[in-house]
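Notes for the one structure printed next.
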Protein chains: 2
Amino acid sequence: MARATAQDADPQTGTEPRPRGRGDRDLVDSLVEVLQERISTGEIPAGTWLRQEHLATELGVSRMPVREALRQLQAVGTVEMIANRGARVRLPSTRDIMEVYELHGVLQAHAGTAAAELITSGQLDRLSRAEAMFRQAVDELRAADSDPAAVQRRWHEANTEFHSVIIEASGNKLLADVVESLHRKVPRNLTWIALGSDVRRLERDAAEHAAILDALTRGDGATAGTLLREHAKRASELLVRTVDEIGQEATPARRR
Amino acid sequence: MARATAQDADPQTGTEPRPRGRGDRDLVDSLVEVLQERISTGEIPAGTWLRQEHLATELGVSRMPVREALRQLQAVGTVEMIANRGARVRLPSTRDIMEVYELHGVLQAHAGTAAAELITSGQLDRLSRAEAMFRQAVDELRAADSDPAAVQRRWHEANTEFHSVIIEASGNKLLADVVESLHRKVPRNLTWIALGSDVRRLERDAAEHAAILDALTRGDGATAGTLLREHAKRASELLVRTVDEIGQEATPARRR
DNA sequence: TCCCGATGAAATGGATCCAGTATTGAAGTT
DNA sequence: AACTTCAATACTGGATCCATTTCATCGGGA
């Protein structure tokens, strides 16, 4: 593995020498991004201890930037740092998940109501495309599950785009940050585990997306808000049920 | 200045040797708390460059924990880090403030509606006491402004307590975190600058608090929610106006 | 056989060191 | 006189070093 330390910062370090342009963008920030992504996707499961030395060698840096990245993840609630023990990926409790989705619903509903008056035709287009993509993914999944992983990716992408557009159309940029911070608290793969098992649910979601799109197109903010709140509420209930089921098993094995 | 490094960790280091109990609670976390507080109160104004060396000597630690603390503050949005330049306290724009208060209103309203059904008699008591304390502070201010700073502290305490109880009574622990993270984005002293100049506004706030308390006592969630949303909306408008006024001046002078 | 204490390995947390970069001020030129 | 260039300075960012703590394994005793 690379070990791109200061000593071998010369250009020909073979394995991904890291562009090394100094201020291309903070190294720490990119580490945060990588780690957050791995945790969100479930590649690094909840409960895992994040060993500084291990991550450092794996990512080809020294422990220092890793330490700072872990601090950021702590501040954001993704990991918990125990004194003299290290950083561990937090496992959200069912209560946490309920609370996340409760607020998610509130904020989505608000975004929907606000968006009904502010949404542009371009955004409506994107919303419509996302809705179509979502439905297509669901159909594809039901027909012949060609490649679950690929469908999952597309489904997730479409879903994210759909809700992102609504939030964006609300005109409140901060809202996007807050919602994202809520999302970070629940690993994505959980969502997929919960929904993947229930195709009827996915179809219902698709129908709800259509109804929301319709309400926004008509400029009916009240309906859009109500639909979005219920949309989130149902997601919450499903998630909680799923987590309860898989929560029986003990905490995941240690990393490495 | 103390400079409590590892070398002079012996007990008799004179000036505030820092209890030095190793895991009493993460050193970095306490630094974060100190810095966040100083920034929130306005003791360290927006725009200030936070010099690592300077803070380190001032706080009696080395640069290392300071660096990690700054990373946490970055993750939380309190400071921005510019590559190879350092950390600077963020200055919220009027747009930021509007957005903060918009979401604040949404979340407070939700908390109020939820709280109406869940609030305990003990919490109602606390709410009532906070309301009284708030009104008393306002009256005191209007009569003979004996000690503005003291009154300001009491006013702020009462206001915080009032809204905290409502959020707590909503039953959603995460809500408290989210609202706090919103609060962090607007320095407290701004609020005071805005409100301190307008006693009539404070009296109106007191009246609104009373109305909210009344609605919650009656279990009228809808009214409580509406009142809270408008409460936040008015605060927003006032804040924005104030920031616009003082925003004319250039960015504050550098620290040190 | 089970429990308790000691020893050793592993990992964190803090400090120091060093390289690279941005800024500031001065000198020199057009 | 103003603008450009260059050098000195200050500060950040990454690496390494070392003390301290925690955990696990092992051995002894009840």
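So that the names make sense, note that chain A is the first sequence line, chain B the second, and so on, each numbered from 1. Computation of the quantities below employed the complete heavy-atom set of this structure, encompassing side-chain atoms and omitting hydrogens, waters and symmetry-equivalent molecules.
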Rounded to the nearest angstrom, tell me the gap between atom [atom1] in [X] and atom [atom2] in [N].
X	N	atom1	atom2	value
B:Asp26	C:dG14	CG	C1'	11 Å
A:Leu50	C:dA11	CG	P	13 Å
B:Met64	C:dA15	CE	P	8 Å
A:Asn84	C:dT12	CG	P	10 Å
B:Met81	D:dT12	CE	C1'	8 Å
A:Trp49	C:dA11	CH2	P	12 Å
A:Glu53	D:dT16	CD	P	10 Å
A:Arg88	D:dT22	CZ	P	15 Å

* Would B:Asp177 and A:Lys185 pass as an ion pair if we require N to O under 4.0 Å? ->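 Looking at B:Asp177 and A:Lys185, the cut-off is not met.
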* A:Lys233/A:Glu102 salt bridge by N-O under 4.0 Å criterion ->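 Salt bridge absent between A:Glu102 and A:Lys233.
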* Going from CD on B:Glu68 to CE on A:Met81, what distance comes out if it is rounded to the nearest 0.5 angstrom? ->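 The distance works out to 7.0 Å.
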* To do: Please round to the nearest 0.5 Å and tell me the distance separating atom CG of B:Asn172 and atom CG of B:Leu118.
  =>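 One finds 10.5 Å between CG of B:Asn172 and CG of B:Leu118.
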* Asked: Looking only at side-chain N and O atoms, does A:Gln52 come under 4.0 Å of OP1 or OP2 in C:dA10?
  ->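 No, A:Gln52 has no side-chain N/O under 4.0 Å of OP1/OP2 on C:dA10.
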* Asked: Under 4.0 Å between a side-chain N or O of A:Arg63 and OP1 or OP2 of D:dT16?
  ->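 Answer is no, no contact under 4.0 Å.
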* **Nearest listed nucleotide, side chain of B:Arg51, among D:dT22, D:dC11, C:dA22** =>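 Shortest atom-to-atom distance from the side chain points to D:dC11.
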* To do: Assess whether side-chain hydrogen bond (donor to acceptor under 3.5 Å, both in side chains) is satisfied between A:Glu168 and A:Gln123, documenting all intermediate values.
  => CA-CA 9 Å; A:Glu168 182 188 313; A:Gln123 287 168 331; 3.2 Å; yes
* To do: Strictly below 4.0 Å, heavy-atom distances to any atom of DNA chain C: list the hits from residues 66-75 of chain A, or just say none.
  =>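 Heavy-atom cutoff 4.0 Å gives A:Arg67.
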* To do: State which residue, out of B:Arg38, B:Gln36, B:Glu43, B:Glu37, fulfils the side-chain hydrogen bond (donor to acceptor under 3.5 Å, both in side chains) condition with B:Ser40.
  =>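 So, applying the side-chain hydrogen bond (donor to acceptor under 3.5 Å, both in side chains) to B:Ser40 and each of B:Arg38, B:Gln36, B:Glu43, B:Glu37, only B:Gln36 qualifies.
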* To do: Any ring-ring contact (aromatic ring centres under 6.0 Å, His included) involving residues 70-104 of chain B? Give me the pairs, sequence neighbours left out, ordered by first then second residue.
  =>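 Matches after skipping sequence neighbours: B:Tyr101-B:His104, B:His104-B:His183.
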